[in-house]
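Bear in mind the structure is a predicted one, so any value in this text is a computation, not a measurement.
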Amino acid sequence: MAKDLVRTRRYVKKFILMKANIQAVSLKIQTLRSTAQMASAMKGVTKAMATMNKQMNLPQIQKIMMEFEKQTEIMDMKEEMMSDAVDDVIGEEDDEEEGEAIVQQVFDELGLNLTDKLSDIGGVGDPIAAAAKKAAPQAAAATGAEGDADADLQARLDNLRRE
């Protein structure tokens, strides 16, 4: 009876091992099927891409895109001309001048703060700070306190444009 128990346990272990081996083979077969399906799909995609490449006429597409760009520019110019004509007829120049005055006021306010920050940042050998220091006395002689900031900023801008 003990021998039968040992033999039964051994058979159970063998069956478990065989079951695991069969499952491994099943997984391998499933992987092979998936690989075959992937290859088939890639073959179909390759054929479709080849067909599209044959049908695609690159010079013609470039010509179409250039014509599209040209027509877009013409449309933009016409739109701008019509907008200018409507503005001339309506005569809202006062709004534009008022808007420019407000923008200039904001720039002046920001310019004062920007001048202070730039002078704090500039160190020894800093070309921007050196140009600002050169331009500051010249600008102070020409204008008042508010004009001084404008002239200083203009001098800095001119200096940056030269570089």
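- Lys19 is listed as a side-chain neighbour of Gln23, based on a closest heavy-atom distance under 4.5 Å.
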Name the atoms and distances for all side-chain donor-acceptor pairs under 3.5 Å in residues 47-64, with sequence neighbours left out.
unit_1: Thr51; atom_1: OG1; unit_2: Lys47; atom_2: O; d: 2.9
unit_1: Asn53; atom_1: ND2; unit_2: Met49; atom_2: O; d: 3.3
unit_1: Asn57; atom_1: ND2; unit_2: Gln60; atom_2: OE1; d: 3.4

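- You'll find the side chain of Thr31 stays beyond 4.5 Å of the side chain of Lys28, heavy atoms only.
- In this structure, the separation between CD1 on Ile29 and CZ on Arg33 is 6.5 Å, given to the nearest 0.5 Å.
- Annotation: the span from Asp108 atom CG to Leu153 atom CG amounts to 8.5 Å, rounded to 0.5 Å.
- Distance check, rounded to the nearest 0.5 Å: CG of Asn159 to CZ of Arg156 gives 10.0 Å.
- Side chain of Ser83 to main chain of Glu79: no donor-acceptor pair is present (N/O by atom type, distance under 3.5 Å, no hydrogens or angles).
- Shown here is Glu80, whose CD atom has no more than 12 heavy atoms of other residues, nucleotides or ligands within 6.0 Å.
- The OG1 atom of Thr35 sits 10.5 Å away from the CD atom of Gln30 when rounded to the nearest 0.5 Å.
- Annotation: the span from Lys78 atom NZ to Met81 atom CE amounts to 8.0 Å, rounded to 0.5 Å.
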**Item:** Arg161 and Asp158: CA distance, side-chain angles, deciding distance, side chain to side chain contact (heavy atoms under 4.5 Å, CB included) verdict
**Value:** CA-CA 5 Å; Arg161 287 181 180 161; Asp158 293 340; 4.2 Å; yes
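- Looking at Ser26, its side chain never comes within 3.5 Å of a backbone N or O of Ile22 through a donor-acceptor pair.
- Looking only at distances, no side-chain donor or acceptor of Ser40 sits under 3.5 Å from a matching main-chain atom of Ala36.
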Extract all donor-acceptor atom pairs below 3.5 Å that involve side chains of residues 11-18 and protein atoms in other chains or at least two apart in sequence.
none

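- How far NZ of Lys70 is from CE of Met66: 9.0 Å, rounded to the nearest 0.5 Å.
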**Asked** Can you list the steps and then say if Glu100 with Gln104 is a side-chain hydrogen bond (donor to acceptor under 3.5 Å, both in side chains)?
**Response** CA-CA 6 Å; Glu100 288 179 12; Gln104 187 61 41; over 6 Å; no
